[in-house]
Structures are given as C-alpha cells and as structure tokens.
Protein chains: 2
Amino acid sequence: MENNSIFVEKLRSSGLRPTKQRIKICKLLFDRKETFHFTINNLSKILKKDKSEKISLATIYNTVHSFKKKGYLKEISVNQNKSYFDTNTSNHHHFLDINTNELIDLKNEDVHNIKIKKRIPGKKINSIEVLVKIENSN
Amino acid sequence: MENNSIFVEKLRSSGLRPTKQRIKICKLLFDRKETFHFTINNLSKILKKDKSEKISLATIYNTVHSFKKKGYLKEISVNQNKSYFDTNTSNHHHFLDINTNELIDLKNEDVHNIKIKKRIPGKKINSIEVLVKIENSN
DNA sequence: CACTACTTTAGAATCATTATAAATTATAAA
DNA sequence: TTTATAATTTATAATGATTCTAAAGTAGTG
Ligand SMILES: [Mn+2]
Ligand SMILES: [Mn+2]
Ligand SMILES: [Zn+2]
Ligand SMILES: [Zn+2]
C-alpha cells in the first residue's frame, strides 16, 4: 500500500491499467534485488498463500505474458514441460542445476569471450546463450 | 530389405527386439550422413507418407524414447512447446534459426574455447551448451 | 509348435497452456 | 459524481503434446 506508486507508474507508462492483480504480481516479481527465475506454477503457488485476494490462474498467465510482451520478463527454454520466466531481461547466461531444476544467472564476466567462427549465409546472429548444466559433485 | 542387418544388430545388441516399426524408424533416423534434428510431429509426418505400413503415434513415442534411453538420440530444449531430438548425441552446440525454428549443429571447432569462471560450491559442471540464435540478415 | 515376455496399438487420461464469453473495473467524459 | 466505454478478470471450456492403459499381436526360445 506504500510504494506501489512505482509499479503504478511502470504499468501506466506501458499502457497497462494498474489493477490490484497486476500491482501484486509486480511487487512479487520486481520488488527484489536478485534475479527471479520462475514458472507459472511457482508464481501461482506463491500467490495462493495470500488467501485474502485470490488471483485466477488465467490472470496469472495473462499478466506474465503481457509483462513479457512489454519487455519486463524474458522467457527461458531449459525444459520442454514448463516455461521459465526471468526478471533479468538482458542477454545473459545460466547455470541449470539438473538436480533441483534451479536456474542461476551467470554474469557476462563469468563466461570467457565466446566467438562463433561459423556463419550461415543470409543469416545474422541474434543472441548467444550459454547453458551450463551443473549437478551435485558427490 | 537390404542392409537392415546393421539396424537389426544395433537393436539386438541393445536388448531391443528388431520389429519392423523400429527398423523403419532406424532407417529414417540413422541412415543419413548429416545430423538429423526433429520433433515427434516431424517424424510422424514423414512416417505417414508410407501408407502401406502405418505406425501408431504411441509406437513413435515409445521408439524415440527407448532410442533416447539407449543413447542413440539426445533431447534438446529450445522451445517450450515441443521436444526436439538430435541424432548427434555428443556434446555440441547449435544455431537456432528463429525464423524457421531449424536447428543446425556447430562443430566444437566453430566455437571458441568457453571457460566458466564461476563455480557453485558442492556442484560440478555436467555440460556446457551454447545456443546461437540466428535470423534473416535483412 | 508352444510358451512367454516384449511390443504395438487405439483410445483414454493428463497437464500445461490458450480461448471464450460473461461479469467486473479503471478511466475519461459529461 | 454519474455515465459510458474499453480494458481486465474470471470460471470454465478447449486445445495439443505427451503419457498411460490394457488388449491384441509378435519375436525369441526350446
Ligand atoms: Mn508462452
Ligand atoms: Mn520426453
Ligand atoms: Zn536469468
Ligand atoms: Zn545437434
């Protein structure tokens, strides 16, 4: 109820009406210091904890997709069953813990310069993403 | 009907009975020089062309999954809707054409040495995969 | 040939996601 | 403030890829 104004502005400035559902999801997603990686199911469970104001699953999908469209979220493909979303929308690399399915951001400095020597005629590079799968070291 | 014996042996040696369905799928997948990247839907459509011997969708799923389990196929995650499979089971990198959704293998020499400077305590690296998204250059 | 375990198959079930259409709400105009 | 309108939320249905089920068919073995 306090500094919601930041999110109200954020929403208004991108042409989205600041509904209470969107503001709540904004706070959950963007009011944190670290990158947040989540699935719809994760988000849904967190939102369900507040039984006072239930947000429908359809709204969760709608909101996440409109935030993605506005560039506030990025979709990550690491697993074919579920979509992961990422509050870090810059081009960056990931660790994927294959024991827990958790994504962890890598800073660009953490990955040595990547150079692709091959080119495909008529095509240009759009992005380069590194996925480092990690597992328990025993 | 000729050099099926290669595939019959391949199947037998991995404890899979050489049924006509499996042999047919083997020929389609492994009797080629280039790496083959496909979805179940792709494979299904190709198999449907031969109307003389229909293979059920369940068998296509079963076969692809047992080939994966035996190490003859690798599953690739580039898209959250569909699973891609790859006849190149080594650790390797890809171009993904975002206009056509086509995967193209990169040789290891095509990607400059990748070094990951960050480590997570208690975790070891399992694999490093680079996905280079490409698009029409105009 | 006879037996058994493995395989194939059609169809049902599951599950994430998207679509639908009616009720609600935010916003701007009156 | 009231009204009008378009945007939004919602419950529910629909979709589509994948997996499950259980019955019929087949390969391997003796
Ligand atoms: Mn999506
Ligand atoms: Mn799978
Ligand atoms: Zn990230
Ligand atoms: Zn490949």
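Naming convention: chains lettered A, B, ... in sequence-line order (proteins, then strands); numbering from 1 in each chain.
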How long is the line joining [atom1] of [X] and [atom2] of [N], in whole Å?
| X | N | atom1 | atom2 | answer |
| --- | --- | --- | --- | --- |
| A/Asn42 | C/dT17 | CG | P | 11 Å |
| A/Ile60 | C/dA19 | CD1 | C1' | 17 Å |
| A/Lys68 | C/dT17 | NZ | P | 11 Å |
| B/Glu75 | D/dA17 | CD | P | 15 Å |
| A/Tyr84 | C/dT17 | OH | P | 11 Å |
| A/Asn101 | C/dA16 | CG | P | 13 Å |
| B/Lys48 | C/dT9 | NZ | C1' | 15 Å |

Can a donor-acceptor pair be found between the side chains of B/Ser127 and B/Asn91 at a distance below 3.5 Å?
no
Rounded to the nearest 0.5 angstrom, the CD1-CG distance for B/Ile23 and B/Leu28 is 13.5 Å
Residues A/Glu53, A/Lys20: salt bridge by 4.0 Å N-O rule
no
One thing to verify: whether B/Glu109 and A/Lys117 come together as a salt bridge, which I'm taking to mean a side-chain N less than 4.0 angstrom from a carboxylate O.
no
Should [X] be listed as having a side-chain N or O under 4.0 Å from OP1 or OP2 of [N]?
| X | N | answer |
| --- | --- | --- |
| A/Arg12 | C/dT27 | yes |
| A/His65 | C/dT18 | yes |
| B/Tyr61 | D/dT18 | yes |

Please tell me whether B/Phe67 and B/Phe85 form a close aromatic pair, meaning their ring centres lie under 6.0 Å apart.
no
Quick check on the helix from C/dC1-D/dG30 to C/dA30-D/dT1: what's the angle between its two end axes, five base pairs per end, to the nearest 10°?
20°
What does the B/S/- profile of nucleotides 3-16 of chain D look like, 5' to 3', with a 4.0 Å heavy-atom cutoff to protein?
---BSSBBB-----
Take atom NZ of B/Lys45 as the centre, draw a 6.0 Å sphere, and report whether it contains more than 12 heavy atoms from other residues, nucleotides or ligands.
no
Take atom NZ in B/Lys124; do more than 12 heavy atoms of anything else shown fall under 6.0 Å from it?
yes
Side-chain contact, heavy-atom cut-off 4.5 Å: B/Ile6 with B/Phe30?
no
Given side-chain hydrogen bond (donor to acceptor under 3.5 Å, both in side chains), test B/His37 with B/Asn88 step by step and report yes or no.
CA-CA 8 Å; B/His37 300 103; B/Asn88 180 350; over 6 Å; no
